[in-house]
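Data first, discussion second: the structure below is written as structure tokens.
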Amino acid sequence: MPKIVGVEIAVSSYREVVEKSIAWAKNRESRAVFFANVHVVMEAYDQPSFRDELNAADMVNPDGVPLVWALKALGAKNATRVYGPDSTELLLKAAEESQVPVGFYGGSESTLAILLAEVRRRHPKIEIGYATSPPFRPLSVAEDEEIVRAISASGTRMLFVGLGCPKQERWIMVHHGHIPAVMFGVGAAFDFLAGTKPQAPRWMMRNGLEWFFRLVSEPRRLAGRYLKHNPRFLALFLQQWVGR
């Protein structure tokens, strides 16, 4: 897999993600699947331990259009976007058709309740084995062990984790090998699928402008992140591209 600013990004597709995930789930394999954008890559650049965790995952997909452009600049001409929320919907559809139990870990209690109702509306035959909104504080060892036991006992084989970056990726890697499920770090997919936050229009997504839409939607939360990460990512990737 090509590395973008030190993070291995898969030249993948929606079909590959779904087919591999269903096969892993049916075999009760513990796997880690992530969807990376500029924010994820720059968090990894700033935290080498987080970068190592990402590079130990089973698949890190190009969620952000700038990463697709970067992959193509590095020679991966067939690179395409594998957007986390769209992947989540496709994975849920495949889970329903394949009778693979799913679970959800993360989000606020209100968002999770709306999300579960929407998932059941769209996929009436899907089996939801587990769902919880954890507290917004570090869990004790006993609490964490109980969550692992509950997920494992529920029969969940595909677990969607929505805790935000880098918390969700770190949580998944800590439990990689301990929970017999394919674990997906899907971040804002909980809010987007529940309809509690707006998504950018598709034309903005195609042209790499989703960040601007989200900035306008949540300026207080995202302005500092984008000002910190976006210019540095551009400079670091240009340095990498020129250097090769």
So do [Y] and [X] actually touch side chain to side chain, heavy atoms under 4.5 Å?
{"X": "Arg225", "Y": "His39", "result": "yes"}
{"X": "Asp144", "Y": "His175", "result": "yes"}
{"X": "Met205", "Y": "Tyr83", "result": "yes"}

Between atom [atom1] of [X] and atom [atom2] of [Y], what is the distance when rounded to the nearest 0.5 Å?
{"X": "Leu159", "Y": "Tyr105", "atom1": "CG", "atom2": "OH", "answer": "9.5 Å"}
{"X": "Ser152", "Y": "His178", "atom1": "OG", "atom2": "NE2", "answer": "10.5 Å"}
{"X": "Leu92", "Y": "Glu97", "atom1": "CG", "atom2": "CD", "answer": "11.0 Å"}
{"X": "Arg170", "Y": "Phe50", "atom1": "CZ", "atom2": "CZ", "answer": "6.5 Å"}
{"X": "Met183", "Y": "Gln168", "atom1": "CE", "atom2": "CD", "answer": "12.5 Å"}
{"X": "Lys20", "Y": "Ser13", "atom1": "NZ", "atom2": "OG", "answer": "9.0 Å"}

Would you indicate whether Lys167, at its atom NZ, is surrounded by more than 12 heavy atoms from other residues, nucleotides or ligands within a distance under 6.0 Å?
yes
Take a 6.0 Å sphere around CZ of Arg122 and say whether it holds more than 12 heavy atoms from other residues, nucleotides or ligands.
yes
Running the 4.5 Å side-chain criterion over Ile, Leu, Val, Met, Phe, Trp and Tyr, what cluster does Val174 land in, apart from itself?
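Listed partners: none, Val174 stands alone.
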Apply the hydrophobic cluster definition, ILVMFWY joined by side-chain contacts under 4.5 Å directly or through others, and give me every member besides Leu215.
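For the cluster that includes Leu215, the remaining residues are Trp203, Met204, Leu209, Trp211, Phe212, Phe213, Val216, Leu222, Tyr226.
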Applying the 4.5 Å side-chain criterion to the ILVMFWY set and letting contacts propagate, would Leu139 and Ile179 be lumped into a single cluster?
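Linked, Leu139 and Ile179 end up in one cluster.
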Salt-bridge present ([X], [Y]; N to O < 4.0 Å):
{"X": "Glu118", "Y": "Arg121", "result": "yes"}
{"X": "Arg232", "Y": "Asp46", "result": "yes"}
{"X": "Glu19", "Y": "Arg15", "result": "yes"}
{"X": "Glu218", "Y": "Lys197", "result": "yes"}
{"X": "Glu210", "Y": "Arg81", "result": "yes"}

Under the side chain to side chain donor-acceptor pair (under 3.5 Å) rule, what pairs show up with a residue in residues 124-134, not counting sequence neighbours?
none
Do [X] and [Y] meet the criterion of a side-chain donor-acceptor pair at a distance under 3.5 Å?
{"X": "Gln199", "Y": "Arg214", "result": "no"}
{"X": "His123", "Y": "Arg120", "result": "no"}
{"X": "Glu89", "Y": "Tyr14", "result": "no"}

Name all residues meeting the salt bridge (Lys or Arg N to Asp or Glu O under 4.0 Å) criterion together with Arg220; count only those two or more places apart in sequence or in a different chain, and write none if there are none.
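Arg220 satisfies salt bridge (Lys or Arg N to Asp or Glu O under 4.0 Å) with no other residue.
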Spell out, as yes or no, whether a donor-acceptor pair under 3.5 Å connects the side chain of [X] to the backbone of [Y].
{"X": "Asp58", "Y": "Ala32", "answer": "yes"}
{"X": "Glu143", "Y": "Ser140", "answer": "yes"}
{"X": "Ser30", "Y": "His176", "answer": "no"}
{"X": "Ser12", "Y": "Asn61", "answer": "no"}

Criterion side-chain contact (heavy atoms from CB on, under 4.5 Å) against Phe35, the qualifying member of Val60, Val82, Val40, Asp86:
Val82
Phe184 meets the ring pair (Phe, Tyr, Trp, His ring centres under 6.0 Å) criterion, sequence neighbours left out, with Phe160
Residues 65-77 side chain polar contacts: donor-acceptor under 3.5 Å, at least two apart:
{"from": "Lys77", "atom 1": "NZ", "to": "Lys72", "atom 2": "O", "distance (Å)": "3.4"}

Would you name the heavy atoms of Val182 and Ser21 that are closest together and state the gap between them?
CG2-O, 3.6 Å
